[in-house]
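Both backbone and side-chain heavy atoms feed into the values below; hydrogens, waters and symmetry mates do not. Sequence lines set the chain letters: A, B, ... in the order given, protein chains first and strands last, and positions in each chain run from 1. Everything numeric in this text was worked out from a predicted model, so none of it was measured.
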Protein chains: 2
Amino acid sequence: MKNDKQEKKMSLRVITRVSFYYEALLKLDLPQDSFISSKKLEEITGVSCNQVRQDFFYLGISIGKQKKGYHVEKLFRALRRVLSVDRGAEVIVVGAGRLGRALSEYKLFKIRNIHVTALFDVKPDLVGTIVDIKGRKTPIYHIERLEEYVKENTHVKIALLTVPESVAQEILDKLVELGIKGIVNYSPRILKLAKGIKGVQLVNDCIGASLYKVVYQIYHK
Amino acid sequence: MKNDKQEKKMSLRVITRVSFYYEALLKLDLPQDSFISSKKLEEITGVSCNQVRQDFFYLGISIGKQKKGYHVEKLFRALRRVLSVDRGAEVIVVGAGRLGRALSEYKLFKIRNIHVTALFDVKPDLVGTIVDIKGRKTPIYHIERLEEYVKENTHVKIALLTVPESVAQEILDKLVELGIKGIVNYSPRILKLAKGIKGVQLVNDCIGASLYKVVYQIYHK
DNA sequence: ATATATAGTTTAAAAGTAAACGATATTTTC
DNA sequence: GAAAATATCGTTTACTTTTAAACTATATAT
C-alpha cells in the first residue's frame, strides 16, 4: 500500500513522538547539511528506529538516504511543518496551583512556540501576583476576569485546565462558551464537551495515573 | 470466550479507568447497600457505560444485578482489591521543582494510600527546606543523600522522576542501582532501563504532549 | 403479561506496535 | 577498479491492544 503523502491526522501517540524528534534535533544542533539516522534518533528520544521510520512513512516524510539517514535541515523543516511550530500558540492556564504554574514554565513549550500569557485562580493569595515565566511577567487574574480576558485577547484559543475536579466540568463549559477552541484537562476526571459542541478540541490527561500503574505492577509481579 | 476470572494484567488505560471508578465511589459516598449502574459511573467518570462493563468483565467483577447495577459495598471491595489500595505505597520524588512538588501534593494519591516521604534536589535554595504535604512535614534532601535514604528506608520502592531531561537517564540508572523497583519518568524523553535489568517497572509520562496535541488539532481542522 | 433497564458476553472494528523484507547508496576488501 | 559487505531506508505484513458496538438474558417495574 502506497503512502499517499496527503496530510494525515496524527494521534496523541504520534504527536508525542514527533515532538521528541523535533526536540532531539534542536538539542543536538547538528550542522544543517549533516545527516541523522533513525538509530541515532532512537538513542536520543528512546523511540525505536523502527517506530521512527514508521512515523516518517506515515507522515509522508521520505527524505532519507540509504546508509546515511535524514538530511538534518530537510528533516527539521518537515517536522516543523507537521507540528505547525511556526504558527505557535498563546494559551492561558486556569488554576494557578502548583501544577498550573509548573506547566506555565514547562521548558519545552517555549521551543514549540507556545506561550502562557495569563493564569487564573480564585485564591486571594495568588490573584494579583505576577509570575515570571522565562523572563516574561505573567499575571494571575481572578477567574471572574476570564470572560473579559478571552474577549479582549481573541488570539488566545487554548486553555490548560488545572483546577480541582469538583469545578472542572463547569469551568470547561464556561471556556467553551467563551469561544476557547482547545482545552487540556489535567483533573482526574474525563470531562466531556456539552452535546452539540463542534470544532472544540479536548484532551483529558491524568498525571497521577502513571504512578497508579507502577504501584499496581509492583504488587502484581 | 468465558472470562476465566484469574487475575489479569491491567494496562495503563485500564488502571486509569479503574482508578476513576474507585474515586467516583469514594466521592459519591453512597450508602453501602445501595446500587450504582454503569450509566451512573459514566456520568461521574466520563467513561462510557459500555467501557465500564467491559472493564468489569475483563477484571472478573461480575456482581451486577440487572435493572439495578452494582452493589456499592461489593464493588468498592472489588476495586480496592484489583488496585491494591490496601497495601499502599511510600514513594520519593526526585526533582523538587514545581512539578515535583505539585505531584507531592497530588490529591488523589492520598486516597489511594500513596504517600510521598521525601523529595530530593540539588538546588541550594530547596535543599534543607521542609514542605507540607497534607499535614505531613516532608523534607527536601540533597540528591547526594539519595543513596543513604534509600538504603535506610527499604520499604520505599518507588520514585517519581521530575528532574531535567539532561540528567534523567543518569538518575534513573542510579535509582535502579540502589534497588528502586518502580519509576515514573516525567521528563520529555523516553527513558530506558539498562540492559539486563529485570523486575523494575518504568513508565514514561510526558505531560506536555497533550497540549501539543491540542495545538496540532486546532491547526489541522 | 409485557415492557424496560441493565448486566454479561461476544463480535467486530480500529488503532497501535513490532518485526520482517527488499532495495540501494556507501564503504570495505581484494 | 570491481565485487562484496554493510548500513539504512521505505514499505509491507503480521500481531497485539484498545475501543466500540451489538446481542442475549434477566430482574424489576408497569
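Remark: P of dT17(C) and CD of Glu42(A) are 15 Å apart, rounded to the nearest angstrom. At whole-Å resolution of the value, NZ in Lys39(A) and C1' in dG10(D) are 16 Å apart. The CG-P distance, from Leu59(B) to dA7(C), rounds to 15 Å in whole Å. Ile63(A) has its CD1 atom 14 Å from the C1' atom of dT8(D), to the nearest Å. Residue Lys40(B) contributes atom NZ, which lies 13 Å from atom P of dA7(C) at whole-angstrom precision. Here the P atom of nucleotide dT6(C) and the CD1 atom of Ile61(B) are 19 Å apart, to the nearest Å. Between the CG atom of Asn50(A) and the C1' atom of dT16(D) there is a distance of 16 Å, given to the nearest Å. For the pair Tyr58(A) OH and dA18(C) P, the interatomic distance rounds to 17 Å; values are reported in whole Å.
Interatomic distance, NZ of Lys27(A) versus OG of Ser166(B), reported as 8.0 Å (0.5 Å rounding).
When all heavy atoms of Val85(A) and Asn113(A) are compared, the closest pair comes out as O-ND2, 3.1 Å. Minimum interatomic distance between Ile133(A) and Glu105(A) (heavy atoms only, all atoms of both residues): CG2-CA, 4.1 Å. Leu146(A) and Val94(A) make their closest contact through CD1-CG2, 4.3 Å (heavy atoms, listed as atom of the first residue, atom of the second, distance). Of all non-hydrogen atoms in Val215(B) and Ala89(A), the two that sit nearest each other are CG2-CB, 4.2 Å.
In this structure, Ser38(A) reaches the dC9(D) phosphate: one of its side-chain N or O atoms is under 4.0 Å from OP1 or OP2.
DNA chain C is contacted by Gln66(A), Lys67(A) of residues 64-73 of chain A, taking any non-hydrogen atom closer than 4.0 Å. Using a 4.0 Å cut-off on heavy atoms, none of the residues of residues 24-35 of chain B approach DNA chain C.
Map Gln51(B) and Arg53(A) each onto its nearest nucleotide of DNA chain D; the residue landing nearer the 5' end is Arg53(A).
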Distances under 3.5 Å only, N/O to N/O: pair up the protein atoms with those of nucleotides 12-16 of chain C.
{"residue": "dG16(C)", "atom": "OP2", "partner": "Ser11(A)", "partner atom": "OG", "Å": "3.4"}

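Ring geometry for Tyr22(A) against Phe76(A) counts as parallel: the plane angle stays under 30°, on a 0 to 90° scale with 60° as the upper cut. Between Phe109(B) and Tyr212(A), the angle of the ring planes goes over 60°, which puts this pair in the perpendicular group of the 30/60° scheme.
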Which is it for Tyr186(B) and Ser210(A) under the side-chain hydrogen bond (donor to acceptor under 3.5 Å, both in side chains) test, yes or no, and what are the steps along the way?
CA-CA 9 Å; Tyr186(B) 287 96; Ser210(A) 305; 4.8 Å; no

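Counting only distance, with no hydrogens or angles, the side chain of Lys39(A) and the backbone of Cys49(A) share no donor-acceptor pair below 3.5 Å.
By the 4.5 Å heavy-atom criterion applied to side chains, Lys67(B) and Phe35(B) are not counted as neighbours.
Salt-bridge check for Glu170(A) with Lys174(A): failed, with every basic side-chain N at 4.0 Å or more from each acidic carboxylate O.
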